Amino acid sequence: MWKRIYKNRLTSADEAVKNIKSGDRVVIGHACSEPTKLVKAMIDNKEQYEDVEIVHMVAMGKSEYTKPEMRGHFRHNALFVGGSTREAVNQNRADYTPSFFYEIPRLFTDNYLPVDVALIQVSTPDEHGYCSYGLSNDYTKPASECARLVIAEVNDKMPRTLGDNFIHVSNMDYIVENSTELIELNAPKIGDIERAIGENCAALIDDGSTLQLGIGAIPDAVLLFLKDKRDLGIHSEMFSDGVVDLVEAGVITNRNKTIHKGKMVVTFMMGTRRLYNFIDNNPSVELYPVDYVNNPVIIAQNYKMISINSCLEVDLMGQISSESIGLNQFSGTGGQVDYVRGASMAKDGKSIIAIPSTARKGKTSRIVPFLNKGSAVTTSRNDVHYIVTEYGIADLRGKTLRGRAKALINIAHPNFRDELKDEFAKRFK
Ligand code: COA
């Protein structure tokens, strides 16, 4: 039965995207799950559309809909800003919508941003006609469940990942087949500074902890120092290739987790083919929508929950700015606050913000008296717990403003400590 539906709804990418109408809001499948064939067809047919709003979060594709020549055809509404969308957002050719990651599905399902069309990429159907959302469940599944129209790219290279992570072919309006490699995220370079930060973070992680790790060199450096730990678990927005090594080494067992015992719970994944093969049909990995995985109340149920994220600047009160440099939108809120709060609420939980002490090749201190004028506060001074640099660990919880400033100066780069001490003397004389 489902095979007949599949055949009837099968079409070409050019035909499928004709069903997008001017003025529609189109939500694109997230991160490495971006349906590249459908997005390309939409761009190629741009003359058909006026004022189509493209909603996307971590855009790992080319984001051609943000180019100046797309004006009038497409306008991008970014839920996160990255390399391919930053210039457009900061030149006002595109917009940024602030939101906690776990609340993004509500923007769609509760009609703040009603979804006209969901463009998604999924695995091939199983014998019952269910396709897996593969690398991204996050907002992709909730958006496609409330969209007026679902156009699905079925790619035999998409891993069949498990969890609450399937769509039946009868819920797809148009189906386009593809067989090309997925977008990949290569392992970042880990230098001496990242190693020192990783080692400091690892000192805060006890055996039996459950971890959330962000993207990039610092989370990967932390993983390098966990080889002697025992029975770690994963409950994270995402993970990448680094986790596979620790699973294979028997360090990550998920045995001590208080919820989803024995399973790694995530909402999306980015990495290389090695990761994609590891998660394919792997019962130890489960994906759920982000309003479940990143919900602080769910995160908090993990005993010894540890969150590790990064930021651009922290001021002497412990206010964390992670997403903008002044009014310049650099990235987005993402799941940082979801995990800071979840880990704070968890029994024996710890939230860590891990940063190199400087930016711009040592020219700028990330620990500053005042945030840049216009910078957004991502994690408030009330939420912050540990800040880690290559120079050590500052535990800010329960500390006075004076105590926080002192602890932060102690882990600042020595080149900037005098400046910070002068500000301390002025403020607390
Ligand atoms: N002033 C000026 N420039 C700064 C700066 C500052 N305070 N802090 C960083 N920069 C520059 C860096 O020098 C670097 O530029 P360069 O590559 O030209 O040297 C650039 O900004 C990026 O900084 P870096 O620290 O390397 O970024 P990152 O890739 O490690 O990402 C965040 C760090 C904070 C942007 C990222 O973690 C983020 O977006 N966090 C918010 C969302 C989140 O936490 N999600 C949860 C888990 S996924």
Side-chain angles (χ1 to χ4, degrees), residues 30-32 57-60 78-83 85-86 89-90 96 98-102 104 136 138 185-191 193-194 197-198 211-222 234-240 266-271 290 293-294 296 299 306-315 319-343 351-379 383-384 387-390 412-413 416:
H30 190 217
C32 295
M57 194 170 166
V58 175
M60 298 291 291
L79 302 172
F80 198 89
V81 173
T85 56
R86 194 170 291 132
V89 169
N90 290 306
Y96 170 69
S99 176
F100 297 126
F101 195 3
Y102 90 99
I104 285 177
S136 289
D138 44 62
L185 176 75
N186 290 317
K189 277 216 177 80
I190 300 174
I193 292 176
E194 287 82 9
I197 297 167
L211 310 179
Q212 174 259 334
L213 301 153
I215 314 166
I218 292 175
D220 282 15
V222 175
I234 298 286
H235 182 112
S236 188
E237 175 172 312
M238 54 89 62
F239 68 75
S240 197
V266 283
T267 198
F268 74 103
M269 273 176 281
M270 299 204 279
V290 70
V293 176
N294 277 27
I299 296 166
I306 307 269
S307 76
I308 304 175
N309 292 294
S310 195
C311 77
L312 299 167
E313 278 188 319
V314 48
D315 72 12
Q319 299 193 96
I320 307 290
S321 172
S322 310
E323 57 189 283
S324 74
I325 303 173
L327 285 176
N328 224 285
Q329 191 69 40
F330 185 82
S331 60
T333 310
Q336 179 167 122
V337 185
D338 306 348
Y339 281 91
V340 165
R341 292 198 170 148
S351 86
I352 302 171
I353 299 290
I355 46 168
S357 63
T358 62
R360 299 176 59 241
K361 302 193 172 36
K363 288 198 264 279
T364 305
S365 176
R366 295 203 198 216
I367 297 177
V368 288
F370 302 97
L371 298 180
N372 259 299
K373 189 174 171 192
S375 285
V377 172
T378 307
T379 294
D383 287 306
V384 72
I387 312 273
V388 171
T389 70
E390 68 274 29
H413 193 285
F416 295 95

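Source: prediction; values computed, not measured. One-based numbering, in listed order, for ligands and for the atoms of each.
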Point-to-point distance, once rounded to the nearest 0.5 Å, from [atom1] of [X] to [atom2] of [Y]:
X	Y	atom1	atom2	value
Q329	T85	CD	OG1	9.5 Å
N90	N328	CG	CG	4.0 Å
S310	L213	OG	CG	12.5 Å
H235	Y339	NE2	OH	4.5 Å
I193	I355	CD1	CD1	11.5 Å
F239	F268	CZ	CZ	12.0 Å

At what distance is the nearest protein heavy atom to [atom], and which residue and atom is it?
atom	result
atom 44 (O) of ligand 1	Q336 NE2, 2.9 Å
atom 40 (N) of ligand 1	S322 O, 3.9 Å
atom 46 (C) of ligand 1	N309 OD1, 3.2 Å
atom 30 (O) of ligand 1	S310 OG, 4.8 Å
atom 7 (N) of ligand 1	L312 O, 3.1 Å
atom 1 (N) of ligand 1	T364 CG2, 4.0 Å
atom 11 (C) of ligand 1	A359 CB, 4.4 Å
atom 20 (C) of ligand 1	F330 CZ, 3.7 Å

Distance filter under 4.0 Å to [X] heavy atoms, resulting ligand 1 atoms:
X	value
G214	47 (C), 48 (S)
S331	35 (C), 38 (C), 39 (O)
G332	41 (C), 42 (C)
E313	7 (N)

Return yes if some donor-acceptor pair links the side-chain N/O of [X] with the main-chain N/O of [Y] below 3.5 Å, else return no.
X	Y	answer
R366	S357	no
S321	A376	yes
S240	M270	yes

Q336 versus T378, side-chain donor and acceptor atoms under 3.5 Å: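 Note: T378 and Q336 side chains miss the donor-acceptor criterion.
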For [atom], is the nearest protein heavy atom under 4.0 Å away?
atom	value
atom 16 (P) of ligand 1	no
atom 48 (S) of ligand 1	yes
atom 28 (P) of ligand 1	no
atom 13 (O) of ligand 1	yes
atom 3 (N) of ligand 1	yes

Plane angle bin for F100 and Y102 - parallel if under 30°, tilted between 30 and 60°, otherwise perpendicular: parallel
Within-shell test, C311 vs ligand 1, heavy atom, strictly < 4.0 Å: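 Heavy atoms of C311 do come under 4.0 Å of ligand 1.
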T333 to ligand 1, any heavy atom closer than 4.0 Å: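 Yes, T333 has heavy atoms under 4.0 Å from ligand 1.
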Proximity to ligand 1 by part of F80, non-hydrogen separation under 4.0 Å: side chain
Shortest heavy-atom approach to atom 26 (O) of ligand 1 - which of E237, R366, Q212, M238: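 Shortest heavy-atom distance from atom 26 (O) of ligand 1: R366.
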Shortest non-hydrogen contact from S322 toward S331: O-OG, 3.3 Å
Any C32 side-chain heavy atom under 4.5 Å of M60 side chain: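 Yes. Closest side-chain heavy atoms under 4.5 Å.
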